[in-house]
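Take a look at the structure set out below.
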Amino acid sequence: MTAVPTIQLNDGNTIPQLGFGVFQIDPAETAEAVAEALRVGYRHIDTAEMYGNERGVGEAIRASGLDRSEVYVTSKLNNGFHEPDEARRAFDDTLEALGFDYVNLFLIHWPLPTLYGGDFVSTWQTLEEFRDAGRARSIGVSNFEVAHLERLAAEADVVPAVNQIELHPYLLNPEVDGYGREHGIATEAWSPIAQGAVLDDPVITEIAERLGRTPAQVVVRWHIERGNIVFPKSTTPSRIKENFELFDFELEPGDSEKIDALDRGEEGRTGPHPDSMAYVPG
Ligand SMILES: NC(=O)c1ccc[n+]([C@@H]2O[C@H](COP(=O)([O-])OP(=O)(O)OC[C@H]3O[C@@H](n4cnc5c(N)ncnc54)[C@H](OP(=O)(O)O)[C@@H]3O)[C@@H](O)[C@H]2O)c1
């Protein structure tokens with residue numbers, strides 16, 4: 001098995017570039033899906049309090065026989081708990097659900113600029129406490145736009161280690177991605193295959209046929225070659241394995257540029273826009 005590359009973060013920690021995402025995996029099925037991913041060789045799991053399945057992630061890691069230190073675990077703050085005291089309680093709950101005394105990475109899931117008086121800075125400063133206590137080895141953000149990152153740069157001490165954003169061939173998100181690259185914030189690409197929407201694209205299928213690979217492998221390999229951190233989700237064992245088999249081939253010259261040219265800008269976005277996203281679980 002070829003090793004998954006690691007990316008060095010701005011705080012000195014490293015993260016496996018390829019992981020396994022568990023968004024929309026039923027809590028009752030999560031432990032089995034994560035167990036399968038760990039058997040295949042994934043050592044990085046991306047969950048969130050709002051996915052409701054942190055418990056299954058922790059169970060699968062413990063049952064795998066792997067040492068805690070061998071698996072990189074990310075979770076995220078629920079949109080309902082941005083006020084500092086709520087965030088502290090929510091972070092305790094995340095560690096309790098996972099059954100661990102630390103996470104490798106903890107993120108503000110959404111900036112929610114229209115809620116909490118637009119104050120995501122005090123939320124971020126609360127994450128700084130978690131990092132100082134060693135309970136979150138790294139801290140970062142998700143779905144932050146350039147203006148949100150600029151505000152943190154002006155008002156907070158710690159630069160986020162990562163920004164986890166929607167990014168796939170139909171939404172290159174170049175301004176946010178570019179800001180991160182210029183300021184040492186690693187880009188994590190969510191919905192890396194646009195939940196399957198890019199897999200029938202003729203540009204992708206032509207490359208896949210030429211290289212003797214699947215469309216998903218071509219797209220995830222494109223992310224890897226761009227330097228993105230990526231964690232495709234699947235509950236299908238054959239796809240979990242397929243999405244991991246990326247390190248014994250490369251795209252050919254010109255392929256990346258052809259995939260880049262599929263960008264549809266805002267029309268390619270599949271999820272909410274971070275500036276207007278205001279969902280809080282009931
Ligand atoms: N921070 C955020 O706001 C945010 C938002 C969304 C996602 N995320 C993170 O990013 C991760 C990945 O994104 P995502 O789950 O939205 O979407 P995704 O990974 O782009 O796509 C998942 C979908 O594609 C299918 N699929 C997976 N591998 C495939 C393959 N090889 N061939 C064909 N179809 C395949 C899966 O089906 P089956 O499961 O049926 O196989 C599932 O329907 C999430 O799990 C989560 O960790 C974060």
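Values below: every heavy atom of this structure, side chains too, minus hydrogens, waters and symmetry copies. Predicted, not measured: the structure shown is a model, and the values here were computed from it. Just so you know, ligand 1 is whichever comes first in the structure, and atom 1 is the first atom listed for that ligand. In this chain, numbering begins with 1 at the start of the sequence shown.
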Inset, instruction - Compute the minimum heavy-atom distance from Y51 to ligand 1 and say whether it is under 4.0 Å. - result: yes
Inset, instruction - State yes or no: are the ring centers of F144 and H109 separated by less than 6.0 Å? - result: no
Legend entry - Nearest neighbour of atom 2 (C) of ligand 1 from the list W190, F244, F231, W110, on a heavy-atom basis: W190
Legend entry - Region of L199 engaging ligand 1 - heavy atom pairs below 4.0 Å: side chain
Inset, instruction - First locate atom NE2 of H82, then atom CH2 of W110, and finally report the distance between them rounded to the nearest 0.5 Å. - result: 11.0 Å
Legend entry - Ligand-residue contact atoms, ligand 1 with T235, heavy atoms, under 4.0 Å: 38 (P), 39 (O), 41 (O)
Inset, instruction - Around atom 3 (O) of ligand 1, find the nearest protein heavy atom and jot down its residue, atom name and distance. - result: N143 ND2, 2.9 Å
Inset, instruction - Give the numbers and elements of all ligand 1 atoms closer than 4.0 Å to a heavy atom of T236. - result: 38 (P), 40 (O), 41 (O)
Legend entry - Reported CG-to-OG1 distance for the pair N173 and T187, which is rounded to 0.5 angstrom: 8.5 Å
Legend entry - Trace of the side chain to side chain contact (heavy atoms under 4.5 Å, CB included) decision for F247 with R221: CA-CA 8 Å; F247 302 106; R221 178 73 207 178; 4.0 Å; yes
Inset, instruction - Check whether any N or O atom of A216, backbone or side chain, sits under 3.5 Å from an N or O atom of ligand 1, and answer yes or no. - result: no
Inset, instruction - Flag P232 as yes when one of its N or O atoms lies below 3.5 Å from any N or O atom of ligand 1, and as no otherwise. - result: no
Legend entry - N53 side chain vs G56 backbone, donor-acceptor pair below 3.5 Å: no
Legend entry - More than 12 heavy atoms of other groups within 6.0 Å of K241 NZ: no
Inset, instruction - For A194, take its heavy atoms, then give the atoms of ligand 1 lying under 4.0 Å from any of them. - result: 20 (O)
Legend entry - Nearest neighbour in protein (non-hydrogen) for atom 47 (O) of ligand 1: D46 OD1, 2.7 Å
Inset, instruction - Could you grab the distance from atom CG of N228 to atom NE2 of H168, nearest 0.5 Å is fine? - result: 12.0 Å
Inset, instruction - Decide yes or no on ring pair (Phe, Tyr, Trp, His ring centres under 6.0 Å) for F20 and F231, but give the supporting numbers first. - result: CA-CA 4 Å; F20 182 70; F231 23 80; 9.9 Å; no
Inset, instruction - Decide, yes or no, whether a salt bridge links R210 with E252 under the criterion of side-chain N to carboxylate O below 4.0 Å. - result: yes
Legend entry - Heavy-atom nearest option to atom 42 (C) of ligand 1, drawn from K241, K233, E245: K233
Inset, instruction - Tell me which protein heavy atom sits closest to atom 28 (N) of ligand 1, plus the residue, atom name and distance to 0.1 Å. - result: N243 ND2, 3.0 Å
Inset, instruction - Considering only non-hydrogen protein atoms, determine which one is nearest to atom 34 (N) of ligand 1 and report residue, atom name and distance to 0.1 Å. - result: R239 CZ, 3.4 Å
Legend entry - Per-atom contacts, ligand 1 versus H109 - under 4.0 Å to a heavy atom: 1 (N), 2 (C), 3 (O)
Legend entry - Taking atom 45 (O) of ligand 1 as the reference point, the nearest protein heavy atom with its distance: F23 N, 3.0 Å
Legend entry - CZ on R89 to OG1 on T94, rounded to 0.5 Å: 9.5 Å
Legend entry - Part of S142 within contact of ligand 1 (heavy atoms, under 4.0 Å): side chain
Legend entry - Atoms in ligand 1 with a heavy atom of S234 nearer than 4.0 Å: 27 (C), 38 (P), 39 (O), 41 (O)
Inset, instruction - Mark the output for T214 as yes if a heavy-atom distance to ligand 1 is under 4.0 Å, and as no if none is. - result: no
Legend entry - atom 13 (O) of ligand 1 - nearest protein heavy atom and its distance: S191 N, 3.1 Å
Inset, instruction - Please confirm whether P192 comes under 4.0 Å of ligand 1, counting heavy atoms of the residue only. - result: yes
Legend entry - Separation of I139 CD1 from L77 CG (nearest 0.5 Å): 12.0 Å
Inset, instruction - Check each atom of ligand 1 against the heavy atoms of E242 and keep those under 4.0 Å away; list them by number with element. - result: 30 (C), 31 (N)
Inset, instruction - Output yes when the distance from some N or O of ligand 1 to some N or O of I193 is under 3.5 Å, and no in every other case. - result: yes
Legend entry - Closest approach of any protein heavy atom to atom 17 (O) of ligand 1, naming residue and atom: Q195 CG, 3.4 Å
Inset, instruction - Could you find the nearest protein heavy atom to atom 48 (C) of ligand 1 and give me its residue, atom name and distance? - result: Q164 OE1, 3.0 Å
Legend entry - Enclosure of E267 CD (heavy-atom neighbours >12, cutoff 6.0 Å): no
Legend entry - Option among F120, W124, Y179 that satisfies the ring pair (Phe, Tyr, Trp, His ring centres under 6.0 Å) test with H148: F120
Legend entry - CD/E86: more than 12 non-hydrogen atoms of other groups inside 6.0 Å: yes
